[in-house]
Participant: 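Supplied in structure tokens, the structure appears directly below.
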Amino acid sequence: MAADWLGSVVSINCGDTLGVYQGRVSAVDQVNQTISLIQPFHNGIKCLVPEVTFRAGDIAELKILEIPMQNQKYSNEQLNDYTMGYGCQPASQQNGTIKQKPASAAQNIPCRGSSSSRYPNQVTPKKSGAKNGQLKARDDECFGDDLEEIPDTDFDFEGNLALFDKAAVFEEIDTHERRGGGTRSRGTPSERPPTYRHDENILESEPVVYRKILVPQPGVKEYCTDSGLVVPSISYSLHKKLLCVAEKHGLSVERRLEMSGVCASQMALTLLGGPNRLNPKNVHQRPTVALLCGPHVKGAQGISCGRHLANHDVDVILLLPNFLKLLEPVTNELNLFCQTQGKQVSNVKDLPGCPVDLVINCLDCNENSFLRDQPWYRAAVDWANQNRAPVLNIDPPPNEHVQGIHAKWSLELGLPLALGEQAGRVYLCDIGIPQKVFGEVGISYHSPFGCKFVIPLHTM
């Protein structure tokens, strides 16, 4: 009766300590109550011994995986397929000693590839075919080596690198390129057609000339734009002559005031935060600008700037002292400013006590230097220096005139003057003087503004 089970493939569960064994029954001893398995697998790994014998007391559960037909023999590969199909957990073997791992609780679960779930103890043989055979051969080639044949020594990187003959490899590459008709040698970059960015011109152009503005009497300073164009400074007398010639050709004082007011207001709006600060969602954070102006044309430029700022929802406070008689340009600009929501004060005490967002200084003028001795002028200078707001100068006087207010930015008109350190960063605005007007005063002029009306200048 026991001989009928010889050759059967069985799975023996010996509990958590010994684990699970699979193999083919080679002997059954009814007297000693033992069973022997050949080609055994322990927890899914092939055992090092060819045969394992179990006592009946060690067996917790025995499952018959397959009963062979008469005269049927199983190979190692077929037995491996049976054992791996029953969810056995792998275990490591070192020096012939089996490290036990608990058997998985999923041993009774059939394989995913099984065609029937009614018989969990029956394994569906794998499909045979040319493709499966190729995959099987590739798996054996990659993973079929015995564990004992794996070397224990580490890979010698230095020794292997010493075997690489770099000179011979490069010589072979050069020989191959010469045979192929190539002219490039090792270390020489290949000749490729030049590539261009989307903003580069593919047509060859003349060399760039950065000094396009030539003045008859260069000033003590020279500036340059962001693109590298050189902008020389001019003297105050030449600047005054330039404005007079432009006025003779139709660029009146009113037009100049309007252009300078627009450019100065655009720069001031940018300094105040631009669209991030001035938008409908920030009506509760309207910026405040203090405008300090004197009773002269440069003061009228500041009033024009304040009018444009007030039209853009900026709180403007204009300081202009009371005088018996003002110049006509100042009166005209003041009348226009009074039509806005801006506020005009004549006393420094009426200016805000807290810091404002920006202070615009238009107090100084070359012709009216005596104003610096007036009490209202000194009080305005003290207020601006004590207020922690940044200061913007509009058309300040040149370096030889001492400025009482320390500015962070200064805006020049047409061409810059030689300004001192107290002027801060210098900017230049285009007030619309034609090119031939520059030529009449002896200036060879080419516009450095490009697509802008206000550009920064850097000291060279």
Side-chain angles (χ1 to χ4, degrees), residues 208-247 251 253 256-257 259-261 263-264 266-268 271 296-299 301-302 305 360-369 372 391-450 452-460:
V208 180
V209 179
Y210 292 101
R211 190 178 292 274
K212 295 184 178 182
I213 302 177
L214 302 177
V215 296
Q217 297 178 355
V220 296
K221 276 192 175 183
E222 283 188 340
Y223 303 91
C224 66
T225 64
D226 289 339
S227 58
L229 296 178
V230 179
V231 181
S233 63
I234 60 177
S235 62
Y236 174 75
S237 58
L238 183 58
H239 191 273
K240 183 179 179 181
K241 182 179 179 181
L242 176 64
L243 297 180
C244 291
V245 175
E247 185 177 353
L251 187 61
V253 177
R256 192 169 75 240
L257 293 178
M259 283 296 300
S260 60
C263 293
Q266 288 182 350
M267 181 176 176
L271 297 176
H296 38 66
V297 176
K298 294 189 177 182
Q301 293 175 166
C305 173
I360 298 180
N361 177 28
C362 299
L363 293 175
D364 297 297
C365 181
N366 297 80
E367 288 80 7
N368 301 338
S369 57
R372 297 186 179 92
V391 179
L392 168 63
N393 282 341
I394 298 180
D395 196 13
N399 193 15
E400 58 265 14
H401 293 82
V402 179
Q403 301 178 21
I405 299 179
H406 299 272
K408 189 173 183 179
W409 309 281
S410 292
L411 181 63
E412 293 280 26
L413 311 181
L415 283 178
L417 303 176
L419 301 180
E421 296 295 334
Q422 292 182 343
R425 297 188 59 182
V426 181
Y427 286 77
L428 185 67
C429 71
D430 184 10
I431 57 175
I433 302 177
Q435 185 177 12
K436 292 183 179 181
V437 175
F438 286 97
E440 288 189 21
V441 296
I443 299 176
S444 176
Y445 181 80
H446 186 276
S447 175
F449 293 98
K452 300 179 180 180
F453 282 87
V454 179
I455 58 174
L457 296 181
H458 310 280
T459 304
M460 296 182 62

Participant: Residues in side chain to side chain contact (heavy atoms under 4.5 Å, CB included) with V230, at least two apart?
Facilitator: R211, E222, M460
Participant: Which pairs, with at least one residue in residues 406-417 and sequence neighbours excluded, count as a salt bridge (Lys or Arg N to Asp or Glu O under 4.0 Å)?
Facilitator: none
Participant: Suppose we screen for side chain to side chain contact (heavy atoms under 4.5 Å, CB included). Which residues come up paired with S227, at least two apart in sequence or across chains?
Facilitator: T225, L229
Participant: Where do S235 and L417 come nearest, in terms of heavy atoms and distance?
Facilitator: O-CD2, 3.8 Å
Participant: Please identify each residue that fulfils salt bridge (Lys or Arg N to Asp or Glu O under 4.0 Å) with K452, with sequence neighbours left out.
Facilitator: none
Participant: Within the supplied structure, the quantity of interest is the number of heavy atoms (other residues, nucleotides, ligands) at a distance under 6.0 Å from F449 CZ; does it exceed 12?
Facilitator: yes
Participant: What residues, two or more places apart in sequence or in another chain, satisfy side-chain hydrogen bond (donor to acceptor under 3.5 Å, both in side chains) together with E440?
Facilitator: H249
Participant: With a 4.5 Å limit on heavy-atom distance, are the side chains of V253 and E247 in contact?
Facilitator: yes
Participant: Of all the heavy-atom pairs spanning Q301 and S260, show the shortest one and how long it is.
Facilitator: CG-OG, 3.6 Å
Participant: Quick one: are V231 and I455 in side-chain contact, heavy atoms under 4.5 Å?
Facilitator: no
Participant: I'd like to check V297 versus L257 (side-chain heavy atoms, cut-off strictly below 4.5 Å). Are they in contact?
Facilitator: yes
Participant: For H458, enumerate each residue passing the side-chain hydrogen bond (donor to acceptor under 3.5 Å, both in side chains) test, keeping only those at least two apart in sequence or located in another chain.
Facilitator: D226
Participant: Which pairs would a plain distance check flag for residues 423-435, meaning a side-chain donor or acceptor within less than 3.5 Å of a matching protein atom at least two apart in sequence or in another chain?
Facilitator:
| unit_1 | atom_1 | unit_2 | atom_2 | d |
| --- | --- | --- | --- | --- |
| D430 | OD1 | G432 | N | 3.0 |
| Q435 | NE2 | Y445 | O | 2.7 |

Participant: Can you give me the closest heavy-atom contact between K298 and C365, atom names plus distance?
Facilitator: CD-CA, 4.4 Å
Participant: Who passes side chain to side chain contact (heavy atoms under 4.5 Å, CB included) against C362, sequence neighbours left out?
Facilitator: C293, I360, I394
Participant: Does anything in residues 227-242 pair up under salt bridge (Lys or Arg N to Asp or Glu O under 4.0 Å), and if so which pairs, sequence neighbours excluded?
Facilitator: K240-E367
Participant: Locate the shortest heavy-atom distance separating L419 from Y223; write the atom from each residue and the value.
Facilitator: N-OH, 3.5 Å
